[in-house]
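Below you'll find the structure, written out as C-alpha cells, and then a few comments.
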Amino acid sequence: MTYPGGTIIRYSAASRINHWITGGCFVLLVLSGLAMFHPMLFFLSNLFGGGQWTRAAHPWIGVVLFISYTGLIIQFWRDEMWTRDDLAWTGAITRVLVNEEDGVPEVARFNAGQKFVFWAMALLVPVLFFSGLVIWEVYFSSYTTIEQQRIAVLIHSLAAIGAIIVWIIHVYAGLWIRGSMRAMTHGYVTPGWAYRHHRKWFTRLAETGSKGPVPRVSHDTPSIRSGS
C-alpha cells in the first residue's frame, strides 16, 4: 500500500509543545523532589539555587504539570479509550518486546502500552497534585492536621515512585521503537512506520485522504464498555 505525500502527521505542533512542557516539568519535579526526599540526594538542590529555592519551586512546577497534563487529556482521551484491539495486542506483547511485529494484531492510533502510560499518568498526576496541596505548608498548612500531612507525604511519595516507573517505561519505548522520537520532535512519521506500528490508523487515514493526525471521517473501533 502506498500513501501520497511522503509523510504522515502524527502530532500537531500544539500537541508536541504540550507534551514537552509536561515532560520538562516532570523531570524538574523528579530532580527537586529527590533533593528533598533524602539527604544523600540534597546535592540536586544546587540545580535550583539551593534548598530554599528547591522547596519553593517544587509545588509551583507541580501546578504547571497538572495544567499541562490536563491539556493532554483533553486532546487525546478519545483516541486513548480501551478497545478489543488492545486486548489482542496485549496478548502478543512478547512479540512486541522483541520487535517482531509479524502476527501482532493491528491497532489504531495508540496501542495498549501507550494507553497504559496515558491513563496511569492521568491517575498519578492528580494524586501527586492534590496530595502535594496538603503538604504545601506556605498556603495550606493551617487547613490540615499533622496526621493528615503525614499520610499525604506517604501517598505523594508512593505516587511519585509509580510515576517515575511509568515515565521510564514511556521513555524506553520511545527510544526502542525507531521513528517514535521523530514523531515527538518533528510531528511526522513515514507511511511505512504508520503501516507497521499502527496499521488501522494508517488505513483510516488513507481511506479518508487525510495526512493526519486523525482521519477526516471517524471510524473508531467500538469500545469494550459499549458492548458492541
Side-chain angles (χ1 to χ4, degrees), residues 10-11 15-38 41 44 47 57-83 85-99 104 107-135 151-185 197-198 223-224:
R10 183 150 174 83
Y11 299 110
S15 296
R16 299 197 308 275
I17 293 171
N18 196 169
H19 173 270
W20 288 113
I21 290 174
T22 302
C25 286
F26 186 81
V27 171
L28 292 175
L29 283 171
V30 169
L31 293 174
S32 57
L34 289 175
M36 295 182 290
F37 184 75
H38 194 277
L41 299 173
L44 293 173
L47 298 172
H58 183 81
W60 285 110
I61 299 171
V63 171
V64 177
L65 174 69
F66 180 76
I67 296 172
S68 183
Y69 202 83
T70 300
L72 292 179
I73 292 175
I74 292 172
Q75 292 181 77
F76 294 114
W77 72 269
R78 290 179 180 85
D79 288 331
E80 299 282 359
M81 296 301 292
W82 196 266
T83 69
D85 293 335
D86 299 313
L87 291 177
W89 186 91
T90 303
I93 189 65
T94 54
R95 288 179 173 269
V96 176
L97 291 176
V98 296
N99 209 21
V104 175
V107 294
R109 190 180 179 192
F110 300 108
N111 60 43
Q114 292 166 318
K115 292 178 180 181
F116 164 76
V117 170
F118 179 87
W119 290 114
M121 295 302 284
L123 170 65
L124 291 169
V125 168
V127 171
L128 287 167
F129 176 74
F130 289 108
S131 61
L133 292 182
V134 176
I135 56 179
I151 294 172
V153 167
L154 177 61
I155 294 173
H156 195 78
S157 300
L158 293 175
I161 293 171
I164 291 171
I165 293 172
V166 172
W167 178 81
I168 291 173
I169 294 172
H170 175 58
V171 173
Y172 178 79
L175 296 174
W176 173 253
I177 303 299
R178 183 179 299 177
S180 296
M181 290 301 297
R182 178 177 56 204
M184 288 312 311
T185 55
H197 299 294
H198 299 274
S223 66
I224 294 174

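What's counted below: heavy atoms across the whole structure, side chains too, no hydrogens, waters or symmetry copies. Small disclaimer: the values here were computed from a predicted structure and weren't measured.
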Discussion item. Using every non-hydrogen atom in the two residues, find where G113 and N111 come nearest and quote the distance to one decimal.
Written reply: N-OD1, 3.0 Å
Worksheet item: Quick check: does any side chain N or O of H198 sit under 3.5 Å from a backbone N or O of A108, one acting as donor and the other as acceptor?
Response: yes
Side-chain atoms of residues 87-97: list all donor-acceptor pairs with protein atoms under 3.5 Å, sequence neighbours left out, distances to 0.1 Å.
unit_1: T90; atom_1: OG1; unit_2: D86; atom_2: O; d: 2.7
unit_1: R95; atom_1: NH1; unit_2: D102; atom_2: O; d: 2.8

Discussion item. Please evaluate residues R10 and M184 with respect to the criterion side chain to side chain contact (heavy atoms under 4.5 Å, CB included), reporting the C-alpha separation (whole Å), side-chain torsions for both, the decisive distance (0.1 Å), and the verdict.
Written reply: CA-CA 8 Å; R10 183 150 174 83; M184 288 312 311; over 6 Å; no
Worksheet item: Under the side-chain contact (heavy atoms from CB on, under 4.5 Å) test, which residues partner W119, sequence neighbours left out?
Response: W77, E80, M81, K115, A122
Anything under 3.5 Å between a donor and an acceptor, one on a side chain of residues 156-172, the other on a protein residue two or more places apart or in another chain? List them.
unit_1: H156; atom_1: ND1; unit_2: L128; atom_2: O; d: 3.1
unit_1: H156; atom_1: ND1; unit_2: S131; atom_2: OG; d: 2.8
unit_1: S157; atom_1: OG; unit_2: V153; atom_2: O; d: 2.8

Worksheet entry | Atom of S32, atom of H58 and distance for their closest heavy-atom approach | OG-ND1, 2.6 Å
Worksheet item: Who passes side-chain contact (heavy atoms from CB on, under 4.5 Å) against L44, sequence neighbours left out?
Response: L31, L34, A35, L41, L47
Worksheet item: Would you find more than 12 non-hydrogen atoms of other residues, nucleotides or ligands less than 6.0 Å from F110 atom CZ?
Response: yes
Item to complete: Might you point out which heavy atoms bring A183 and Y11 nearest each other, and give the distance in Å?
Response: O-CD1, 3.5 Å
Worksheet, complete the sentence: With sequence neighbours left out, the residues meeting side-chain hydrogen bond (donor to acceptor under 3.5 Å, both in side chains) with S68 are N18, T22
Fill in: ring-ring contact (aromatic ring centres under 6.0 Å, His included) against F130, all qualifying residues, sequence neighbours excluded
F66
